[in-house]
Amino acid sequence: MFGLSKQCVLELNEEYKTLEDYQGRISRWCPGCGDNGILTATQRLCRDEQLPPEKCVFVSGIGCAARFPHYMSTYGFHGLHGRALPTAQGVKIRRPDLHVFVNMGDGDCCSIGTAHWIHTVRTNMKLVAMMHDNNIYGLTKNQASPTSPLGMKTNTTPQGAYLKAMNPLTVTLGITNVSFVAQVVEWLPEVLYEAIRQAFHHNGFAFIRILQRCPHFTPDAFSGLLSDPKKLLMLQHEDGIQLSETMSRLYKTTEQHDPADINRARELADRDDIVPIGILYRNENIPRYEQVTKSTHKSTWEQRENVLNGAFDKFGIDADFASANKGTRAGDGE
Amino acid sequence: MFGLSKQCVLELNEEYKTLEDYQGRISRWCPGCGDNGILTATQRLCRDEQLPPEKCVFVSGIGCAARFPHYMSTYGFHGLHGRALPTAQGVKIRRPDLHVFVNMGDGDCCSIGTAHWIHTVRTNMKLVAMMHDNNIYGLTKNQASPTSPLGMKTNTTPQGAYLKAMNPLTVTLGITNVSFVAQVVEWLPEVLYEAIRQAFHHNGFAFIRILQRCPHFTPDAFSGLLSDPKKLLMLQHEDGIQLSETMSRLYKTTEQHDPADINRARELADRDDIVPIGILYRNENIPRYEQVTKSTHKSTWEQRENVLNGAFDKFGIDADFASANKGTRAGDGE
Amino acid sequence: MAGEMKQQTARSASSGKRATLLEEHIIEIVSDSGEGAQTAGQMFGTILAKSGNSVWTVEIIPAEIEPPARTPAGASGNRIRAGSFPITNAGDGAELVIGFNEQALMGGKWENRYKPGCIILLESMWANHPDPEIAAAYSGVVNILNEENYRLYEVPMEQECSRFVEDARRGKNMFVVGMLMNIYGRDLQLARHEIETKFKARKPDLVEPNIALLEAGYEWAEQNLDFRFEIPPYGVKEQQVVANGNVAVALGIVASGMEVCAMYPITPATSASHYLSEIFPEVGGFVHQAEDEIAACAFAIGSSYSGKCAVTITSGPGMALKTELMALSVMAEIPLVMVNVQRGGPSTGLPTKVEQGDLLAAIFGTPGDAPKIVMAPATIEDCFYSIITARKIAETFRTLVIVLSDANLATGQQAFPRPKISKEWGAPPVDQSPVPAGKDPLDWDPVTGLSQRFIPGQPGGMYTLTGLAHDRKGLVAYGPGINQEGCNRRSLKLAAFQKTLQPPKVCGDESGDLLIVGWGSTKGAIEEAVARVRKDGLKVSSTHLTFLQPMASGIKEIMQKFRQVMTVEINYSDSYEDELIDENNRRYANLAWLLRARYLIDVDCWSNVHGRPIRPGAIEDMIRERLK
Amino acid sequence: MAGEMKQQTARSASSGKRATLLEEHIIEIVSDSGEGAQTAGQMFGTILAKSGNSVWTVEIIPAEIEPPARTPAGASGNRIRAGSFPITNAGDGAELVIGFNEQALMGGKWENRYKPGCIILLESMWANHPDPEIAAAYSGVVNILNEENYRLYEVPMEQECSRFVEDARRGKNMFVVGMLMNIYGRDLQLARHEIETKFKARKPDLVEPNIALLEAGYEWAEQNLDFRFEIPPYGVKEQQVVANGNVAVALGIVASGMEVCAMYPITPATSASHYLSEIFPEVGGFVHQAEDEIAACAFAIGSSYSGKCAVTITSGPGMALKTELMALSVMAEIPLVMVNVQRGGPSTGLPTKVEQGDLLAAIFGTPGDAPKIVMAPATIEDCFYSIITARKIAETFRTLVIVLSDANLATGQQAFPRPKISKEWGAPPVDQSPVPAGKDPLDWDPVTGLSQRFIPGQPGGMYTLTGLAHDRKGLVAYGPGINQEGCNRRSLKLAAFQKTLQPPKVCGDESGDLLIVGWGSTKGAIEEAVARVRKDGLKVSSTHLTFLQPMASGIKEIMQKFRQVMTVEINYSDSYEDELIDENNRRYANLAWLLRARYLIDVDCWSNVHGRPIRPGAIEDMIRERLK
Ligand SMILES: Cc1ncc(C[n+]2csc(CCOP(=O)(O)OP(=O)(O)O)c2C)c(N)n1
Ligand SMILES: Cc1ncc(C[n+]2csc(CCOP(=O)(O)OP(=O)(O)O)c2C)c(N)n1
Ligand code: SF4
Ligand code: SF4
Ligand SMILES: [Mg+2]
Ligand SMILES: [Mg+2]
């Protein structure tokens, strides 16, 4: 401590953010709801990374999961059902200084939000997307979601869901420009945290599917996984997640999986018999939309004046009247 | 001809449909537009299968490709941009007697229609979907589509498209319940026809991506493929497409690919260096939505009376008042 | 008269105490979620109805799925309005409230749900709670209630119940039913029967302890409460059924002959499809949960086009997403029924609460001219019949019919005469016969509005439907005359249909000082308020519109006979009380806009967006104030 | 006066022939697509403008991308209206038409685009075409034109041009320009200059043959045509720029300081984003083509929320899809500018044609109460400035501003005074300074309507925005009072803004027999028609509204001074001429509805959905008929 002035220490301490600094309103999810664990892991990340709360934006859609931003003390955007991703893209496009997170339910993301999910993966903007997958519509009280397993009785499928559950991982891994795909379960905080952390540091769009318990409507959805650790296939790799010793002792079904290997990632994602947990795929070299679309020009008023004057000169009556048509023809079509 | 009564012959002849019987209004696509070839192949299919024109419905969205139904003399539904697939599902759901075809552009299907594309694959209803992929928005005059190649100059990307083209095949092959995926080019009528034919006979949702020339806006999009037959990888298999001798002589880059092998299909679909042509994947054993959702009860008026009377008894004031609440609580939620 | 008590000497059925004779009473039971206040309320509502009262019940639903215990916003329960005259709405302030804890109770008080000074029966266990904060909170509330002169009775529910069951928390609700049986002097046997039916099949061992709790409640009230009420039955002559508006909609769908319902879940509409999902397969029908509202609407349109007339059910935000397809259905003349169970808006708004804020959006929401028919059920019974009517109109005129229900109808329960089933309700089967030569797919008789629809499968009928401008053959055509003709033809359907409508009835005299015009679920409350003030001689009448577009003839003539006309609606309007508001910028309530524009009569409006059914008492006060 | 010719003795600049002196003339040039009629029209329009005329040009666009040759629907070309007074619209029937084939020509005739008996210059090569059907078609048309007394001149264009170029088909357009130079007596040097600028850079070897063709056309006219026209210049004092409405919108976006435009292609809006895509990067801006309109709108909202005010551009069907997000922008008080370049509806309708059919949808389309500001540019110049204004209002009042342009403005070209650039136009930079304690994110000054927006990045401003009902802190709250307050506060913004609006100007006397009220692109035509009938002493005036919601004060007072009031609009309304229509069911034009509802004045309407700009002559006829 020699040489360190008292003032500095004080200031450092003052600025150090604790978990409480990221806590918004008290969460009102059901007791035992898995969303709580996801919230905690995310707050831990913010604390560990010491993210300035005012630089974080949590964008969500509508649903139980989508209440997430209210429980953070950062900026939050609790928007429309299904529209979290394009909103988040808009937030990020010209604000590289902001850390933008997206929290969606399985209905939010994989049903009404499908088009945005696919296209956001494609644009590969630097966002962390967490899909809270409880296999059900929680907030609207128990309707089938695309990830509801075949035969599950819900209020809209009282005779049982008609279709096999959709696998969001295989879809995501099929999208051109996919750059980060992880799957975790909220009841293993260590892996959950690590996936969010790696997502946060990923250079592009990070998609995490989080299996999330909904004790209220689907108490048994994941009971098989909970009771039998062998049902989880822990993906290990030096470039992926590395399990702690305790975890390794409990979860022994593991595979060395290199997140760079997309073919293997697709095969793993496709397995019906076991649930792969960890980083399925990562590629840090895919161009990011906010970067490739960035203009080299500044948005100063002077620059605007220049451009306007240029246009007015070009369209000036004394100049070239016909050029007013260049590239401006109102198209035909429907 | 012995033993065949004159009357029968006459009737047979009368009923035999020729290509003209499927021709609607004269097509108004640009000269050289690849859509014409797709139309011809489809009319040939109808003729070869002798489909009653009144039993065929061609559903489309909006775009050049989506004008397709007008050029057939069957029933046609030229609906809204992006909404062809859910409309077609609705047509088919309780009309198993109808042959339902869907024609969409790449924008129609892979941009505004993305969510429906993904979910229609998932429901696996018996429909033939042709995606006319000209890598551009034709009808609205030259804007980037999701399949426009990186750097392509269009009216909305005058500096060149920002993103690598989306690969509709890898996406489709990642969707749970995918059951038929083919890729063909419209300038090889033999393969085009064969893919549509196999799609027509497929027991579920058949998705065909057809690379389609748009001489007006993207004259060079496929010139590489046209000039160099080696760039096409012809998938051959006894369960897939088998090339004619002439074709085999011209197109020598081939692979024996079993359409049952989804992993290989995904790898093939993913190749950037070569364009696989043929049936990538087929699985005749995926349940079809219109079948699994079919009720065992008839929709007779008597049956309706029974059900109504049952409900009125149950909700009758002399009976069980409280049961009026069963399963009927207006949900909470957003 | 509503809420007014008359002293009587009659003895109640059950006890030696003097019972007050009432025409009606409003009871609320509130507990934490999971404590069974809803079950208690439903059971007691059933008993009241079975013993001859007219009953309206509404659920009190918390905003969260499992809200934290002991919170005002977390209250769950039931309101029961019972009377000896036909009850058409949830009424004014509750007159007897039972609270399982003081917080749940206070939620209702803050929302002004209780009549000041009403009777309150409050679980007393919290007084001595080990957590001093809880004890203090409890006694704070008790003080307030006493100060404000509520008739507060502290009831040791937990203590009493624990004599019979281990988990007293789960038994209180039957104890409460027992108390109510005593207070309202009903035959205990009726409640025993309810308990038996409820548990016999699935949990027979619960029958006995619950009956014990019931009897304990009854006995406790007998010993400790100094009031009894008697609400004489009202004479029901015909068979009745009880349902909420969403159940009625689902039954209407079955009765209308429709075969497909395509939807995407959204509160408060979803429960209609829940119930429909259960019964629809039994008539060969199918509920399709689509990936979103757009797909749901397109699916319904596709199905309708193929001859299987379809319905799509949604609420405001969902209707917003269907806007583009709504226009297609009109433009391409595909019959479609759309039910919008309105909730509080704008945007996600108040998902569980009532509003009538989607009327103008339903009529005008589609860009371009897309004339459609818009109707609104006013009662739960209407919810049933309006679907049958809507399907018929949709198919007859080949157009979109929007049925505007709302959260008030969706969650309220009421008895109505058991419908007499008629084969006429059903849809005709798909016509597969060949189309005669020379017929065009979009021909339309300009006088009757009728036309033959060509359905896939019909030989000779092949044509291509399009949302582009087109001629009568369905061929795309951009000529100015053709587009004008098409728009004209579609608009004239409304005119032709309009000629068939009957003028609305006037409730009250045909002329007077004030006419109140309403639409949708407010009917019961408006008519009750009007009846009340008319008793005092005020010259007020009301009329209620079922068809909002087009509107029946004769409405202008009705309005002209009154000095003032106003609408009462549950949606937003500016008020002249706001300093910024003047006649140049005031924004009117939905129906007021429509009436003003069509009839050029200075129709005023009184509306709010409190997210609750408008109470008859509030309307009454407004009228008295206005005519003072 | 418009279209009226006066015999003069003056000699035209170029020839010895007598020139008729005109105040204005309307020229149409039509060819098959690809034959260059558009280029010819643009070039001659430029020359007319440079030599001092006021000019309005409109493109004639075929419905297909590459339509078949020699078809009426396939015609491509240009209309030029030039005059010696300010020309504000495309005018009435063309007075001189040049056709490259008789089919393209007949398309315009069927659409009544030509003045009966006007001059027609028609390529004569088809007369002797080897295909007898073609030759017959040609002579059939020639017969018709002669019978109907058109002044038909058959011009051997192909034959003349083939003397100079191999592919005469591609050279005819310059021959046509040459003829026009002679007919209107302009200095040939001007045209030579245009050709040089056009080809010099990219195809220098084309300069010479094109000039040869030009001169040949000039010479041919000199030798063979017996008419010449002179349209004197009108005195322009200030610098002018020429643009179409979509270019003006794009320039307005640059000038407004916005940084993001999110869109999805749709006709006729897309070309605005095409041009913007070219220039926006130069000011650090970005055009995002989203996967659909919903994503585009959400993207724009996200960007605006983060402090980078955004615009989204669309047309009717796209606006329909954005409906839900429009309400979010209002509810969550996020500034957003939405440009809707209206086209013919409903549904896919008439994608390339004009309509003003989205006004009511813009105002009322969102379920629930979502008060937003709706404005409409009336001229191409307005297109530029309205975007600047819209951005300012959107940010000041934190709300949605919808700018309703249309296909008429989008595709018309006109000169207007070169804007004097002002720094005031621009948006303030993103405020990143800490938020003072005690401030709430949704506070709002009830008098001025002003509020401080909290933008991500600002320390101390953290809150969660929501589309659910919420209090001033943005906290979700379902209480009745809070929702009422929120709706009220959002509505009062409109009232506060309304107080700042000036009453519209009256064109003509302040009182009279008839007032015509218009909005949007019809302004020029209405005012011209009014001016014409006023010259004959009719007591007619007009007024034009820029703000449709809210509307300025004083409109009622203006209307009250006229015996009759009506709107003229390009959208659908029922007409009393239809037997089925009566006052109980007539559906009014969009603006007429609004005026009737607000002012209770019996505002009539005259409107159509022909998909074309309304002509001054048609309005004139209607007025004369009405006041007969
Ligand atoms: C446009 C629209 N449609 C429907 C809804 C109703 N809605 C709210 S949340 C939700 C789905 C909730 O499921 P999910 O996304 O899985 O989230 P969870 O509640 O399970 O966390 C739905 C359908 C809505 N708010 N908006
Ligand atoms: C809701 C809506 N948005 C936009 C449009 C405009 N639009 C018509 S076709 C089209 C895209 C055409 O591209 P594609 O689907 O690839 O078909 P193509 O013309 O290339 O065959 C668009 C954007 C529309 N008609 N409706
Ligand atoms: S309903 Fe399920 S997902 Fe929603 S808060 Fe409760 S437990 Fe969580
Ligand atoms: S624009 Fe392209 S896709 Fe459209 S018709 Fe022409 S060639 Fe075909
Ligand atoms: Mg979920
Ligand atoms: Mg395309």
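Throughout, a chain's letter reflects where its sequence line sits, starting with A, and its residues are numbered from 1. Values below: all heavy atoms of this structure, side chains included; hydrogens, waters and symmetry mates excluded.
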B/Phe312 and C/Phe384 aromatic ring geometry - parallel, tilted or perpendicular at 30°/60° bounds: perpendicular
Pairing residues for C/Glu238 by the salt bridge (charged side-chain N to carboxylate O under 4.0 Å, His left out) criterion, not counting sequence neighbours: none
Partners passing salt bridge (charged side-chain N to carboxylate O under 4.0 Å, His left out) against C/Lys423 (at least two apart in sequence or in another chain): B/Glu302
Heavy-atom contact with chain B under 4.5 Å, split by part of C/Leu251: both
Side chains of C/Glu194 and C/Thr46, donor plus acceptor under 3.5 Å: no
Heavy-atom contact with chain B under 4.5 Å, split by part of C/Val260: side chain
Proximal component of C/Leu276, with respect to chain B [non-hydrogen, under 4.5 Å]: neither
Max heavy-atom pair count under 4.5 Å with chain C, selected residue of B/Glu305, B/His116, B/Met72, B/Gln303: B/His116
Cation-pi geometry met for B/Lys126 and B/Phe200 (6.0 Å, 45°): yes
Residue of the set B/Phe77, B/Tyr71, B/Phe101 for which side-chain contact (heavy atoms from CB on, under 4.5 Å) holds with B/Phe58: B/Phe101
B/Phe68 and B/Trp29 aromatic ring geometry - parallel, tilted or perpendicular at 30°/60° bounds: tilted
Residue among C/Thr466, C/Val476, C/Val287 with most heavy-atom pairs under 4.5 Å to chain B: C/Thr466
Side chain, backbone, both or neither of C/Tyr305 within contact of chain B (heavy atoms, under 4.5 Å): side chain
B/Ser60 to B/Ala66 - nearest heavy-atom pair and separation: OG-O, 2.6 Å
Interchain contact, C/His193 with chain B, by part (heavy-atom threshold 4.5 Å): neither
Best-contacting candidate, C/Gly257, C/Gly285, C/Ala300, against chain B by heavy atom pairs under 4.5 angstrom: C/Gly257
Any side-chain donor near an acceptor of the partner, C/Gln38 and C/Glu59, under 3.5 Å: no
Sub-4.5 Å side-chain heavy-atom contact between C/Asn244 and C/Thr411: no
Distance-minimising heavy-atom pair for C/Lys322 and C/Cys297: CG-CB, 3.7 Å
Best-contacting candidate, B/Arg25, B/Arg83, B/Gln89, B/Lys55, against chain C by heavy atom pairs under 4.5 angstrom: B/Arg25
B/Asn306, part contacting chain C, at a heavy-atom distance under 4.5 Å: neither
Under 4.5 Å from any heavy atom of chain B - which part of C/Ile334: side chain
Interface moiety of C/Pro419 toward chain B, non-hydrogen atoms closer than 4.5 Å: both
Members of residues 287-299 of chain B whose heavy atoms come closer than 4.5 Å to chain C: B/Tyr289, B/Thr293, B/Ser295, B/His297, B/Lys298, B/Ser299
Chain B contact via C/Ala255 - side chain, backbone, both or neither, heavy atoms under 4.5 Å: both
Short N-O contact, B/Arg28 and B/Asp35, less than 4.0 angstrom: no
Residues of residues 91-100 of chain B contacting chain C, heavy-atom criterion under 4.5 Å, by residue number: B/Val91, B/Ile93, B/Arg94, B/Arg95, B/Asp97, B/Leu98
Part of C/Ser422 within contact of chain B (heavy atom distance under 4.5 Å): backbone
C/Ala332, part contacting chain B, at a heavy-atom distance under 4.5 Å: neither
Non-hydrogen atoms of B/Met131 and B/Cys110 that approach each other most closely: CE-SG, 3.5 Å
Which of B/Val59, B/Leu308, B/Val57 touches chain C most, by non-hydrogen pairs under 4.5 Å: B/Leu308
Gap separating the CE atom of C/Met258 from the OG atom of C/Ser304, nearest 0.5 angstrom: 8.5 Å
Minimum heavy-atom distance C/Ile301-C/Ser329, with the two atoms named: CD1-CB, 3.9 Å
Separation of B/Met130 CE from B/Ile38 CD1 (nearest 0.5 Å): 8.0 Å
Contacting moiety of C/Val341, where chain B heavy atoms sit under 4.5 Å: neither
Spacing of B/His119 atom NE2 and B/Asn177 atom CG [to the nearest 0.5 Å]: 12.0 Å
Max heavy-atom pair count under 4.5 Å with chain B, selected residue of C/Gly307, C/Ala295, C/Gly457: C/Gly457
For C/Ala407 against C/Pro268, the heavy-atom pair lying closest together: CB-CG, 3.7 Å
Separation of B/Trp117 CH2 from B/Ile112 CD1 (nearest 0.5 Å): 14.5 Å
Part of B/Arg122 lying under 4.5 Å from any heavy atom of chain C: neither
When C/Gln458, C/Lys198, C/Arg418 are compared by non-hydrogen pairs under 4.5 Å with chain B, the top option: C/Arg418
